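This report refers to the structure that appears directly beneath it.
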Amino acid sequence: MSEEGLARHAYFDHDADTGVIGRGPTLAEAFVEAAEATFALMCDTDAVQPIERVDVEFTEADPELALVTWLNLLLAHANARGLALGRFALVQAGDRWRGSARGERWHPGLERGTQVKGATLTALKVARDGDGWEARCVVDL
């Protein structure tokens with residue numbers, strides 16, 4: 001990382017929506033942190049129990065489009081199954097991406113935050129950041 005103690009995921013303001021930022025030593029880890037940032041807008045991801053698993057696979061050569069695809073696949077699965085997700089994993093092999101997320105069904109004990117509808121191409125950027133990677137985009141709320 002370029003700065004000691006730099007947050008692994010963060011936010012930036014963008015009109016009525018919110019930008020998410022994921023940072024990590026590898027591209028896949030930066031994407032995992034971007035997923036963490038996205039789902040942390042909706043609930044306390046540390047409170048989510050890893051009961052159910054969601055698996056995603058996709059092919060994408062462009063890292064920026066891969067970030068949007070990753071986030072939107074997770075959001076689609078979470079919405080379709082009524083899940084709050086809180087644990088994420090992703091591996092990259094060339095243009096192939098294989099990831100998973102763990103979580104549980106929404107219930108009264110999980111405090112709901114802001115609903116995220118999807119990741120957008122707005123302010124989309126994936127780039128090296130010092131010794132690691134930074135992945136950012138605006139999410140539609």
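All values reported here derive from a predicted model rather than from experimental measurement.
- Residues Val48 and Met42 are not in side-chain contact: their nearest non-hydrogen atoms beyond the backbone lie 4.5 Å or more apart.
- Looking only at side-chain heavy atoms (C-beta outward), Val20 and Val116 stay at 4.5 Å or farther from each other.
- Contact detail for Trp106 and Glu111: the closest heavy-atom pair is CZ3-O, 4.3 Å.
- A distance of 11.0 Å separates CD of Gln92 from CD of Glu60, quoted to the nearest 0.5 Å.
- Taking CZ of Arg136 as the reference point, atom OH of Tyr11 lies at 13.5 Å (rounded to 0.5 Å).
- Rounded to the nearest 0.5 Å, atoms CG (Leu124) and CG (Leu65) are 6.5 Å apart.
- Of the possible donor and acceptor atoms, one in the side chain of Glu104 sits under 3.5 Å from a partner among the backbone N and O of Gln49.
- Between Pro25 and Asp131, every side-chain heavy-atom pair lies at or beyond the 4.5 Å cut-off.
- Scanning both residues, Ala10 and Ala37, for their nearest heavy atoms gives O-CB, 4.2 Å.
- For Glu52, the salt bridge (charged side-chain N to carboxylate O under 4.0 Å, His left out) criterion is met by Arg81, Arg105, not counting sequence neighbours.
- Every residue was checked against the side chain to side chain donor-acceptor pair (under 3.5 Å) condition with Asp44, not counting sequence neighbours, and none meets it.
- Across every non-hydrogen atom of Phe39 and Ala78, the tightest pair is CE2-CB, 3.9 Å.
- Using a 4.0 Å cut-off between charged side-chain N and carboxylate O, Glu57 and Arg98 make no salt bridge.
- Counting heavy atoms from C-beta outward, Thr45 and Glu36 have side chains that approach closer than 4.5 Å.
- Residues satisfying the salt bridge (charged side-chain N to carboxylate O under 4.0 Å, His left out) test with Glu29, not counting sequence neighbours, are Arg8.
- Between the CG atom of Asn79 and the CG atom of Leu74 there is a distance of 11.0 Å, given to the nearest 0.5 Å.
- With values rounded to the nearest 0.5 angstrom, Phe88 atom CZ is found 12.0 Å from Arg102 atom CZ.
- Atoms OG1 and CH2, on Thr59 and Trp97 in that order, are 11.0 Å from each other to the nearest 0.5 Å.
- Leu27 and Val91 are assigned to two separate hydrophobic clusters, defined by single-linkage of ILVMFWY side chains at heavy-atom distances under 4.5 Å.
- Side-chain contact between Trp133 and Arg128: present, with at least one pair of heavy atoms (C-beta onward) separated by less than 4.5 Å.
- Residues Leu73 and Thr69 meet the side-chain proximity criterion, which asks for heavy atoms closer than 4.5 Å.
- The shortest heavy-atom contact between Val139 and Ala119 is CG1-CA, 4.1 Å.
- Side-chain contact between Leu67 and Glu64: absent, with no pair of heavy atoms (C-beta onward) separated by less than 4.5 Å.
- Proximity of a side-chain donor or acceptor of Asp17 to a complementary backbone N or O of Leu141 within less than 3.5 Å is detected.
- Considering all non-hydrogen atoms of both residues, Leu75 and Gly118 come closest at CD1-CA, 3.6 Å.
- Checked by atom type and distance alone, the side chain of Trp70 pairs as donor or acceptor with a backbone atom of Phe31 at under 3.5 Å.
- Annotation for Leu71 and Cys137: closest pair CD1-SG, 3.8 Å, computed over non-hydrogen atoms.
- The closest side-chain heavy-atom distance from Glu33 to Arg23 is not below 4.5 Å.
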